[in-house]
Each structure stands twice: as C-alpha cells, then as structure tokens.
Amino acid sequence: MLEIRDLAVARGAACVLEGLAFTLAPGQALILRGPNGSGKTTLLRTLAGLQPPQAGEILGGGEEIAYAGHSDGLKSMLTVAENLTFWAEIYGTRGIDPALAAFELTPLRDRLAGTLSAGQKRRLGLARMLVTGRPIWAMDEPTVSLDAASVELFAATVRAHLGQGGLAVIATHIDLGLPEAHVFDVSRFAARAQSAAATSDEAFL
Amino acid sequence: MRALLLRDLRLAFRAGGGFGLGLAFFLIVTVLVPFSVGPQSELLTRIAPGVLWLGALLACLLSLDRLLALDWEDGTLDLLATAPVPLEGALSVKALAHWLVTGLPLVFAAPVLGVLLNLAPAGYLWLVISLAVGTPALSVIGAFGAALTVGIKRGGLLLSLLVLPLYVPTLIFGAEVARRGAQGLEVGTPLLMLAGITFGVAALMPFASATVLRMNLR
Amino acid sequence: MASIWEYANPVKFLRTSEKVLPVLWVLAGACLVIGLIWGFFFTPDDYRQGSTVKIIYLHVPAALMAINAWLMMLVASLIWLVRRHHVSALAAKAAAPVGVTMTLIALVTGAIWGQPMWGTWWAWDPRLTSFLILFLFYLGYMALWAAIEDPDSAADLTSVLCLVGSVFAVLSRYAVLFWNQGLHQGASLSLDKEENVADVFYLPLLVCIAGFVLLFLALVLYRTGTEIRLRRTQALIRREAARA
Amino acid sequence: MIPDLGKYAVTVLSAYGASIVLLIGLVLISLRAGRKARRALEAVETRREIKDEA
C-alpha cells in the first residue's frame, strides 16, 4: 500500500510538481509519464526518501521501497554474482539464483560486470530489485538500453512481483506491455509559475 | 555492513590503484627527503619521525577522493542511502576499509622506510605504535571531507584544503609520540591524546559525515 | 518588543540595516581614527620594547576580532541549521572574508613585531601558530562556499564544516600549546599582555578595540545586505524564467 | 609631525601601513561588490515593474 497526498516535490531550489495524489494497492502498478524535465525522477527520488518532500505526505514508503535510478550502481571489477550477492547481503536476503534466472543472467554469473554490454548491465541492475525483497519498486526508466526480448522479461518480472502482492511505480516512455498498470501523467501537476519560483527563493521575493 | 567492508576491500585489491598507490607515494616522499635536505645522517635521524608521519599523512590524503567519488559516480551511494543500513554505519565501514587498504600498509612500511632515514633504534617501536593508533583518525576525518566534497566536480584539491587543517591535532600528537620515542623520552601523554582523538573521532565523526552526505544526495 | 527573529526576514533586514549602517560606518571610522591617532602619536614608548609597543593597537583588536568573527559564524551556522533563516546563513558567509582579513592583520603585525623583538619574522609561537591554523580554516570555509552552486546546499555544508572546524580548531589550539612546550620550556614570547599594560596604553587600546568591533559589525551588515541582494536578484530572474 | 619612533620606525610604520592597506582594501572590495549587487537588483526590479504595467 502506497499513498501520497497533496505532494509537492522540488529539484534544486525549484518546485517542479505539486498537488500530486494517488493511492496504490498491493498488486497494482503505476506508470509515470511526462516529457523530459517534468519531474518524474524528482518524484521517484522523493518517494524513495532521498530528498524530503516540499509539501504533503507519503504513506507506506520508507523501508518498504526499493529504488532503481538511472545508474545501476554496478562495480565493473566485481562479477555479476558478486554484485548481486553484495546487495542481497545489504538487504539481508538469501539466494540470488532466482534473480539471475529471471533476467537470464545465469550463464553470465562469473563474468566481470565491466565486460557486460549495456543491456546486460541494465538487466543486472534490474535483477537487484528482486534481491531487495521489498514490496514497492520505484524505478526510473528501467528499460533504457534493453532490447524487445529483455523488455518482455522485465514486464514478466514486474507482473510476477505484482502477482505476489507487490507494487511498482515506473517512470518510462515506452509501452512496457503491462496493460493492467494505471497511467499517471505527471505533466498535469506541473507547479504553477508562482510556486515554481523556487521554494527557498520565497524568502527573498 | 560486513558485506560492504568485504566489497570495498575486494574492489581495492582488484582495481589495484588504491592499495599500491599510497605505499608507492610514501616511499617516494621518503626517498625525496634526503635529496632536499642533504644526506647528513644526524640531521636525518633528527627529522625522521616527523618526515615519516607527514609522508604517511600525505599518502592517506592522496586516496581520499576515491573513498566516495567512485560510488557517487556509478549511483551506488543513492542505492546505499535507500538500503536498510544506516548511512553513519556505512561511512564508518568505508573509512575502516580505507584504513585497512591505505593506513595499515603504511604502518608496516614505516619502519622499513625508517631505515632509509636513519631513524634512531629506540624510535621504531613508537613510530609503529603512533601510526597504528593515529592513522585510523586520518581515514575517519578524511571520510568527512570526502562526504563534504562528493558532489563537487574536481573536488580533489578542495578536499585537501578542507581536510589538512583538520589533520593538525592528529599530526602534532602522532609525530610527538614518534619523536619522543626516538629520543628515548616519556611518550604517555601524547599517546593518550592521540588515542583520545582517534576514539573520539571514530565515535562522533560518522554522524557529521552522514549528515553532509545526505545533504549532498538531495 | 519585537522578536529578533523578525530580522530574519531578508527584506526587513535590508530596510533596518539601511538605517543602522550609516551610523555604524561613522562610529567605526571615528573610533578607529581617534584610537589609532591617539595610540600612534600620543602614547609613550615602552622602556623595553621601544616604539614597537604601538603595534598592539592594531594587533590585539585584530586578533580579538579574528576569533570573534569565527564565533559569530559558528552561532550563525547553528541558527541556520536549526531555524533555517536565510539571513543567518548569508551573514556567516559575509563574515568569513572579514574574519580572514582580521586574521591576516594579526599575523602580519605579529610577524613585523617579531622581527626586531625575536630577531626573526616568524617564530612557531603557540599563539601565532594557532592563528595560522585559524587562517587555514577560514580559507577552507570560503573555498567550500565558492565551490557549491546551489545556495541552500552551500549553506548547509559550510555550516556543518564550521561546526566541525570549531571543534578541531579548539583541539588544534591545545595540541599546539602542548607541542611547543615540548620545544622550549614555556618560553612563550607573545605580544598580547593586556593584563599588565599600563593605563596610558590601555585607554587608546580600548578605543581601537571598539573601532574594530564597530567596523566588523558594519562590514558584516553591509556584506550580508550584498549577499541578500544577490540572492534576491537570482530569485527574481528565476521567477521570470518560470513565467516565460 | 611624526613622533620619534627611534630605531623601530620602519617596523612600526610598516605594521601600520600593512594593516591600514588591508582594512581599506577590505572596505573598498565590500563597497564595490555591494554597489554591483545593488545595480543588478535594480535592473531586475525595474524590468519587473515595466512588465507588470504592460
């Protein structure tokens, strides 16, 4: 369960989105849409707790959320299995084999991450979500550099996660093949000029 | 936590850079000193403890900007900040890994380099002890500097400017222990002070480091 | 009585400082001119130090303000971290260059005085050394302000640096005292001995200290105003861009 | 006019000279930066007024 109420988020000193509200029940997914710079990344980072919201509240986030950003946080000098095992240990979960299998990384498990192709790296980054064991996935452009087959793998993984009562908030431009997901267009919530004039600037106006 | 420590150590050994570089730098600085002050052995004996401490400090400083910058660039810090480990703990562990990779080898290398500088026989033991007690503080303080400058492009020079004044007390007490030891004087007071700094810094500094790192991740 | 937090509003601060500043400038200038002329022309020479005793009218007030400026920055940083008043953060930023100049004056006059007294420009006297370290702290603080683009992050990070730096400055002070004792037993040569300075020296010194305090206040108020105007300009430009 | 400073004349005068140069320099730099900031703010504010009237 994830609920946000009247949320406003800021990038740097400028408020980009305001009045955001949605409720996500277990098993539901939300696709964030909006042009570049509309604030999808900022919203996801706020949901993940990396930055405080400008206004409003987030219920059910915090320790329930696993976040995947533009960068996968991979170490090129570690193997695929070592990279994944590290995150599994950090999150206190066991067994990386299901995650490797889900993204067809099992044959690559002893390769150094630095020798993977861009798409393979991304798949490894996404496999990390499976080892977190957290119910809510907040993902920023997860399908960048994935080919069609890998996008299908990803969609299947998300569907399986939802089937187990998980939730997902995904910012993307392409059709993921998840017709059951709700689409949420953030550009409707673009902050008006007055409030966009920077939250910390307010004191000086 | 243990996973993070093991990962950092493994990375340091595989990538090579961090591990050997500090030692090589320490060696070169030590070798250059006689070239700059002259080869008279009694002069070298007198300045050896201080030179070795300064060399160790600079070698420590050299690798500080890798402490967090690499994890910042590839997004690991974002993911760590959202993971179920307290950032204070993660930073302590990273400082510990930095010390194991940089500080500890310096402790073992120092007596060997002491031979080059004609260190007094009584000084070896106290040199090693003072470095063993003092260098952890250098890593922990350095982690604070790294957290402070992690978001700044080409922050390496700024990092040195910020961290070096913070190193003053550690250097003073550490070098004092080594010098007094070499002269056969009593070392208790400075050694206690040095240990006090190391423990105090290890206990409190991670909170400041985590605070500034969170500010930088926003 | 109005709460002092009202002055945390930048616009209100500007309006008030506009009124106070002319008075402060005049007072500071008057005190400095009177104090320095009095000290320079109308005080006798010390029987031991000769005319070099006249340097205390610059050295002591500058050294005092070098420390007070850092203390002021510490308080302002704490206020910013706790109450998040922008004026406070900007005041800390504005005070740093003033503080560093005061430290530099203390160091330069100390060195010039030391030349005939100790026969050397620089001695690693505990007090001089402490000021040198303080100087380095000021440099680091200012460099960090200059390196960060986002003004709020810069205020946050420099505030924490100021806090941590203060602890280490105190530690360094004790370390330096300890370190120099090890070299020459307690033979501390220092210019500062207000404790046993006679009245003839003391009164002009007080006037000079008042002058330095007032000058510091005037400079910090003025420079804080400058910082506020710069922030306001940026804020207005950003709003224009957002409306366009 | 100048009091007899004895053998320390150079010392005292250079200390006063250096300090006064530093102080005046600081004041001048502050004043110049202040004037520049004031002008920049005025430029933006007049631009805003013109736009508001239009």
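All heavy atoms count here, side chains included; hydrogens, waters and symmetry mates do not.
Heavy-atom pairs under 4.5 Å with chain B were tallied for A:Glu89, A:Met77, A:Lys75; the largest tally goes to A:Lys75. Top candidate by heavy-atom pairs under 4.5 Å with chain A, chosen from B:Ala3, B:Gly75, B:Pro84, is B:Pro84. Contact count against chain B (heavy-atom pairs under 4.5 Å) is highest for A:Leu78 among A:Thr132, A:Thr85, A:Leu78.
Listed by sequence position, the residues of residues 137-170 of chain A in contact with chain B number zero, using a 4.5 angstrom heavy-atom cutoff. Against chain A, the residues from residues 196-218 of chain B that qualify, each with a non-hydrogen atom under 4.5 angstrom away, are B:Leu217, B:Arg218 in number order.
The two residues B:Thr76 and A:Trp87 have their closest heavy-atom pair at CG2-CZ2, 3.9 Å. Across B:Leu79 and A:Tyr91, no two heavy atoms sit closer than the pair O-OH, 4.1 Å. Of all the heavy atoms in B:Ala83 and A:Ile90, the pair that sits closest is CB-CG2, 3.6 Å. Considering every non-hydrogen atom in both B:Asp74 and A:Ser71, the closest pair reads O-CB, 3.3 Å.
For A:Asp72, the part lying near chain B is the backbone, with the side chain staying farther off; criterion is any non-hydrogen pair under 4.5 Å. Contact of B:Leu70 with chain A is made through backbone and side chain together, with heavy-atom distances under 4.5 Å. For B:Leu80, the parts sitting under 4.5 Å from any heavy atom of chain A are the backbone and the side chain alike.
Between the CG atom in B:Leu11 and the CZ atom in A:Phe86 there is a gap of 9.0 Å [rounded to 0.5 Å].
For B:Leu157, the CG atom counts as loosely surrounded, since its 6.0 Å shell holds 12 or fewer non-hydrogen atoms of other residues, nucleotides or ligands.
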